[in-house]
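First the structure, in the form of C-alpha cells, and then the observations on it.
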Amino acid sequence: MGINGRWNRRSFLGGLGTVAAAVVAACRSFGWSPPPKLTGFGASGNVYEELGVTSVINCEGTMTVLGGSLPHPEIQAVVEQAARHYVSIPELEMAAGKRIAQMLKLPQGYSAIVTSGAAAAIQSGLAGILTGDNETFIRQLPDLSGMKSEVIIQKSHRNPFDHQLRTTGVKLVEIETREQLRRAVNDRTAMMHFSNFANPDGQIKVDEWVKLAKQYNLPCMNDAAADTPPVSHLWDYVNMGYDLVTFSGGKAIRGPQCAGLLLGREDLVRYALFNNSPYEDTIGRSQKVGKEEIVAMIKALEIHLAEDQDALAREWQQRLKTIASQVTKIPGVSASFFMPPVANHVPHMNITWEENRIRLTPPEMSRLLREGKPSIVIGHGKEGSEGRPGLVMNSFQLQPGEENIVAQQMAQLFLTHSV
Ligand SMILES: *Cc1c(COP(=O)(O)O)cnc(C)c1O
C-alpha cells in the first residue's frame with residue numbers, strides 16, 4: 001500500500017546536488033516526502049487494466065468477493081504516515097483500542113482491537129474466551145483439552161461465518177426455543193453466539209439473547225459485521241450487554257478491506273489479541289493486521305461517525321429513482337423500493353418485468369449486464385436478492401454518475417428483448 005512506489009532515495013540523490021538533497025532530507029524529517037512517480041506496473045493509472053482484470057459497477061453492495069467497498073480517500077494519507085515508522089504492534093493495538101472505545105463512547109471497562117476482518121474478530125474473540133491468558137492453552141488451540149468446548153447458537157443463526165467459531169475446535173450446539181437453551185447450558189459451554197442479521201429469524205431476539213446469557217453467566221458475542229448503517233449499532237450492542245461485538249472494517253465503514261473490529265470487555269479483548277498476530281504459535285497468527293490497517297481503521301471510523309447518514313440515504317434513494325424512472329418507461333417493467341430491516345440497511349430496489357413482453361429471465365438479464373461494457377454486477381432471483389423475483393439492487397457502492405450508466409444499459413437490454 002503506497003510503499004513500493006515510493007521515492008527511491010538513491011536515484012533521487014544521484015540526480016540532484018547535495019544542497020537540494022539536504023533540503024529534501026530536512027523536509028523528510030518533518031514527515032514530508034515527494035509524491036511517488038510510478039514507472040512500470042501502475043504507470044498507466046489503472047492496475048486492473050494492466051492485469052487484464054475487468055473492474056465492475058457494483059449494484060450488489062459491500063461484497064467481499066467484489067472488493068468490499070472503496071476506502072475513503074483520506075485513508076491513504078494515514079496509511080502513508082503509518083508506513084514510515086516501526087512501532088510495537090501490541091502497543092499500537094492497545095492504543096488504537098482505547099481511542100476507538102473513546103470515539104464510540106463505550107462504557108468504562110470496554111475496549112477494542114483492530115482485526116483482519118469481522119471473521120478474524122469472531123475467531124480470536126472466541127479463542128480469547130476459551131484460553132484467557134493461559135499460554136499453554138493459547139498454543140494448544142484447537143486442541144481444547146482442559147478448556148470449555150461448546151458454543152450455543154440458534155439454529156436459524158447458523159451461517160458460513162460460524163466456520164470461524166468451529167476453527168477453535170468448539171462444537172456448535174443448535175437450539176430453537178428458550179427451553180432448549182436452558183437444557184443446552186452446561187459446564188462445557190464457553191459462549192452464546194448471535195448473528196445479528198438473523199435477528200428476525202430466530203425465536204430469541206438480540207436483547208433477550210444477551211439477557212439470557214447474563215442469567216446463565218455466559219459470555220455472549222454478537223456478529224454485526226455488515227450492520228452499519230445505522231452507526232449507532234457500533235455501540236448499541238455493547239450497551240445492551242454483549243461482551244464481544246464484531247464489525248467488518250471494509251464494508252459500509254469504508255475502512256481498509258482487510259480490517260475489522262472486535263469491541264468488548266477489556267479483559268476479553270486482551271485475551272483475543274493474545275490469540276492473534278503478531279503473537280506466534282497462535283491460532284490467529286494467520287490473521288495478520290498491519291500498522292497501516294490499524295491506523296486506517298481509526299480514520300475510517302472518524303469519517304464514518306461524522307457522515308450525515310440521512311443525507312447519504314437520500315442520495316442513495318435518488319440514484320435508485322433515477323434508474324427506476326428510465327427503465328419503467330419500457331412497457332412491462334416495474335420497480336419497487338424496500339429497505340432490509342437489518343444488515344445492509346440501505347435503500348434497495350426490486351426490478352421486475354412481464355416475461356411475455358420482455359423475453360429475458362432474471363439470471364439472463366444479470367449475466368448480460370455482467371458481460372456488458374462497462375460490466376455491471378446485479379443480484380437476481382433468490383440468490384442475493386432477498387428471495388424476491390427479478391433483479392434486486394442497491395446503490396450505496398455506486399460511484400457518482402454510475403446510476404446513469406446502469407439505467408442506460410438496463411433500458412437498452414429491456415428494449416432489445418421486448419416483443
Ligand atoms: C462479511 C461478514 C463477515 C466477515 O467479515 P470480514 O470483515 O469480511 O471478515 C462476518 N459475518 C457476517 C454476517 C458478514 O456479513
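Counting starts at 1 for both ligands and their atoms, following the listed order. The structure presented is a predicted model; accordingly, all values stated were derived computationally and were not measured.
- For the pair N159 and ligand 1, the shortest N or O to N or O distance does not fall below 3.5 Å.
- Here the side chains of L172 and R158 are in contact, with some heavy-atom distance below 4.5 Å.
- Taking every heavy atom of A225 and a limit of under 4.0 angstrom, the matching atoms of ligand 1 come to 2 (C), 3 (C), 10 (C), 11 (N), 12 (C), 14 (C).
- R285 places none of its side-chain heavy atoms less than 4.5 Å from the side chain of N275.
- When K251, H157, Q257 are ranked by how near their heavy atoms come to atom 1 (C) of ligand 1, first place goes to K251.
- Of all the atoms in ligand 1, the ones that sit under 4.0 Å from a non-hydrogen atom of G117 are 7 (O), 9 (O).
- Side-chain contact between N222 and H193 is absent, with no heavy-atom pair separated by less than 4.5 Å.
- For A118, heavy-atom contacts with ligand 1 shorter than 4.0 Å involve the backbone as well as the side chain.
- Atom 4 (C) of ligand 1 has F161 CE2, 3.3 Å as its closest protein atom, hydrogens excluded (heavy atom only).
- Nearest heavy-atom pair, A272 versus L262, reported as atom, atom and distance to 0.1 Å: CB-CD2, 3.4 Å.
- For ligand 1 and F197, the ligand atoms under 4.0 Å from any heavy atom of the residue are 13 (C).
- For ligand 1 and S248, the ligand atoms under 4.0 Å from any heavy atom of the residue are 5 (O), 6 (P), 7 (O), 8 (O).
- Taking the centre of each ring, F194 and H157 come in below the 6.0 Å mark.
- Within ligand 1, the atoms closer than 4.0 Å to a non-hydrogen atom of A119 are 4 (C), 5 (O), 6 (P), 9 (O), numbered from 1 in the order shown.
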Side chain to side chain donor-acceptor pair (under 3.5 Å) evaluation trace for S44 with N46: CA-CA 6 Å; S44 74; N46 189 332; over 6 Å; no

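- For atom 13 (C) of ligand 1, the closest non-hydrogen atom of the protein is D223 OD2, 3.5 Å.
- Between L244 and P219, the closest side-chain pair of non-hydrogen atoms is not below 4.5 Å.
- R182 and E179 are joined by a salt bridge, as a carboxylate oxygen and a charged side-chain nitrogen come within less than 4.0 angstrom of each other.
- Near T64, the atoms of ligand 1 lying under 4.0 angstrom from a non-hydrogen atom of the residue are 8 (O).
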